[in-house]
Chemist: 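Dropping a structure here in structure tokens format, bear with me for questions.
Atom set for the values below is all heavy atoms of this structure, side chains included, hydrogens, waters and symmetry mates excluded. Counting starts at 1 for both ligands and their atoms, following the listed order.
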Amino acid sequence: MLLGHWGTTPGQNFIYTHLNRVIKKYDLDMIYVSGPGHGGPAVVSNTYLEGTYSEIYPDISRDVAGLKKLFTQFSFPGGIPSHASPECPGSIHEGGELGYSLSHAFGAVFDNPELIVACVIGDGEAETGPLATAWHSNKFLDPLNDGAVRFPTVWKRSLRLPSVSGSPRHARMINSYVMNKKAEIVRVYLPPDANCLLSVADHCLRSRHYVNVVIAGKHPAPQWLTMDAAVEHCTKGIGIWQWASNDHDEQPDAVMACAGDVPTLETLAAVSILREHLPDIRIRVINVVDLMKLQPSSEHPHGLSDPDFDGLFTQDKPIIFAFHGYPWLIHRLTYRRTNHPNLHVRGYKEEGTITTAFDMTVLNDLDRFHLVMDVIDRLAQTGSAGVYLKQQMQNKLIEHKRYIRRFGQDMPEVRNWQWSARGKAE
Ligand SMILES: Cc1ncc(C[n+]2csc(CCOP(=O)(O)OP(=O)(O)O)c2C)c(N)n1
């Protein structure tokens with residue numbers, strides 16, 4: 001089993017095996033702390049080889065059939081994550097987020113002076129702030145001889161199980177900046193595609209005295225706007241995507257807003273489903289690049305005026321907002337706006353595991369099928385056609401779950417989906 005690169009696994013196999021040997025020989029009390037980013041496979045395979053894994057999971061037996069199951073479930077939807085997780089026998093702290101091995105190792109010794117702690121630290125991990133800080137813990141090991149002063153300390157004993165992957169880290173990062181810094185010096189950008197990312201980066205690199213937070217994915221993704229259109233869109237920071245909307249001649253029935261690359265993809269896919277099945281519904285698509293546009297102009301220099309906000313989001317139509325971070329952050333930024341009572345936000349709600357990219361959105365109700373259902377739920381006029389489409393969406397979600405468990409990747413119609421409703425970006 002390998003993940004990422006060969007790197008740390010052979011070394012960890014070597015250490016794990018030898019530690020087991022001395023534990024048996026000298027009856028030692030020992031704990032193993034594995035820090036490197038790609039070390040998960042080493043811990044899983046060694047617990048299998050020593051027999052512990054099969055004791056706890058008899059179906060992962062110590063024969064060819066069991067071995068096949070062990071391999072298949074690794075980093076697979078419905079299986080086990082690629083980092084050490086609670087499912088791994090003996091694991092008491094989830095991996096995945098780099099930086100905590102050494103502080104845990106020191107903590108284990110502080111609490112259990114007789115315990116031998118073997119801690120393997122990754123060079124990549126060593127570059128994180130928490131690990132760089134943890135090197136100083138030796139100053140507290142022996143307060144008498146090292147001359148450190150022991151302050152009265154309250155110890156909180158609890159297991160911390162952070163869920164990890166791109167979106168959680170992004171969600172926390174957006175929050176910590178929007179919530180903890182002086183609002184007027186912070187800018188948060190969520191470019192929906194590569195051209196927008198270029199435009200935003202160009203802007204940020206020229207700016208001075210601001211904290212610029214740019215949230216962008218690393219996976220191949222659709223390109224929505226030409227470079228010129230991207231510069232125009234990012235300069236405004238927020239705008240209606242005319243080419244994706246069909247409310248040009250009349251009031252929209254619903255506004256579908258999105259901020260972030262994945263939410264934009266899911267919103268556009270939802271719009272195309274709605275336009276195909278409910279062609280009479282008028283939908284306005286708004287994309288938000290500059291999050292601070294949502295705040296009142298009195299609160300942030302980038303904030304839209306109330307008339308501008310009302311013009312975009314209407315005063316009374318339902319808004320389905322797909323967001324890359326925590327939904328409540330959008331509510332917090334918009335609570336003073338006229339149409340806030342009709343604002344319904346989908347975003348990250350702490351659901352996630354190792355699964356497919358699309359399934360991460362499904363787990364958080366942020367996927368195209370949920371977004372379509374959200375719109376139908378708010379538009380009584382869709383009548384029977386709406387009810388039928390809603391049921392079709394529920395079936396799609398069931399089909400999706402069955403497909404990823406079987407094949408380990410998203411359904412072709414999701415993977416290969418392309419915008420085709422009408423011409424591309426102007
Ligand atoms: C806090 C945090 N930042 C970034 C990542 C993404 N990440 C996963 S593995 C990895 C590289 C880690 O390098 P190293 O610790 O040397 O482990 P190795 O690749 O050798 O196994 C990074 C940056 C992460 N998991 N956690």
Side-chain angles (χ1 to χ4, degrees), residues 1-19 31-48 71 74-76 79-88 91-107 117-137 159-177 179-180 188 197 211-221 260-262 324-326 348 350-357 360 363:
M1 279 189 288
L2 266 184
L3 168 88
H5 54 84
W6 180 239
T8 186
T9 297
Q12 293 213 39
N13 290 343
F14 183 86
I15 296 169
Y16 197 100
T17 313
H18 281 75
L19 293 180
I31 188 172
Y32 180 62
V33 183
S34 166
H38 302 99
V43 190
V44 173
S45 11
N46 280 296
T47 51
Y48 176 76
F71 290 164
F74 181 73
S75 197
F76 196 84
I80 59 164
S82 55
H83 52 263
S85 59
E87 293 96 328
C88 185
S91 160
I92 57 167
H93 190 284
E94 173 117 11
E97 190 163 329
L98 296 171
Y100 310 110
S101 63
L102 191 56
S103 49
H104 279 71
F106 271 110
V117 182
C119 178
V120 182
I121 299 167
D123 58 331
E125 190 206 5
E127 290 181 28
T128 65
L131 203 123
T133 309
W135 290 122
H136 294 278
S137 310
L159 292 183
R160 187 166 165 268
L161 301 172
S163 54
V164 280
S165 88
S167 353
R169 271 202 291 274
H170 290 167
R172 283 185 217 127
M173 191 161 91
I174 301 174
N175 272 345
S176 67
Y177 280 101
M179 313 280 294
N180 300 338
V188 179
L197 175 60
V211 177
N212 292 304
V213 182
V214 181
I215 307 290
K218 61 183 176 184
H219 299 290
D261 48 9
V262 173
H324 193 86
Y326 295 111
Y348 175 63
E350 302 281 358
E351 290 295 339
T353 178
I354 297 293
T355 186
T356 66
M360 274 298 286
L363 290 173

Chemist: Would you indicate which of H38, H83, E125, E97 comes nearest to atom 18 (P) of ligand 1 when only heavy atoms are counted?
Modeler: H38
Chemist: Indicate yes or no: does an N/O atom of G37 lie under 3.5 Å from an N/O atom of ligand 1?
Modeler: yes
Chemist: Check each atom of ligand 1 against the heavy atoms of G124 and keep those under 4.0 Å away; list them by number with element.
Modeler: 13 (O), 14 (P), 15 (O), 16 (O)
Chemist: Can you list the ligand 1 atoms lying under 4.0 Å from a non-hydrogen atom of P36?
Modeler: 15 (O), 17 (O), 21 (O)
Chemist: Which of the atoms in ligand 1, numbered in the order shown and given with their element, are less than 4.0 Å from a heavy-atom of G96?
Modeler: 24 (C), 25 (N), 26 (N)
Chemist: Hey, what's the ring geometry for Y348 with Y326, parallel, tilted or perpendicular (30° and 60° as the breaks)?
Modeler: tilted
Chemist: Could you tell me which residues satisfy side chain to side chain donor-acceptor pair (under 3.5 Å) with S103, sequence neighbours excluded, listed by chain and number?
Modeler: none
Chemist: Do S101 and V120 make a side-chain contact, defined as non-hydrogen atoms from C-beta onward lying under 4.5 Å apart?
Modeler: no
Chemist: Please state whether G99 comes within less than 4.0 angstrom of ligand 1, counting heavy atoms only.
Modeler: no
Chemist: Check whether any side-chain heavy atom of L197 lies under 4.5 Å from a side-chain heavy atom of D261, and answer yes or no.
Modeler: no
Chemist: Name the atoms and distances for all side-chain donor-acceptor pairs under 3.5 Å in residues 211-221, with sequence neighbours left out.
Modeler:
from	atom 1	to	atom 2	distance (Å)
N212	ND2	S207	OG	2.8

Chemist: Can you find an N or O of G35 that's nearer than 3.5 Å to an N or O of ligand 1?
Modeler: no
Chemist: Would you say that F106 contacts V33 through its side chain, given a criterion of any heavy-atom pair below 4.5 Å between the two side chains?
Modeler: no
Chemist: Which ligand 1 atoms, with their elements, are less than 4.0 angstrom from a heavy-atom of T8?
Modeler: 21 (O)
Chemist: Could you tell me whether the side chain of S91 and the main chain of S85 form a donor-acceptor pair under 3.5 Å?
Modeler: yes
Chemist: Do ligand 1 and L98 have nitrogen or oxygen atoms that lie under 3.5 Å from each other?
Modeler: yes
Chemist: Under a heavy-atom criterion of less than 4.0 Å, does D123 contact ligand 1?
Modeler: yes
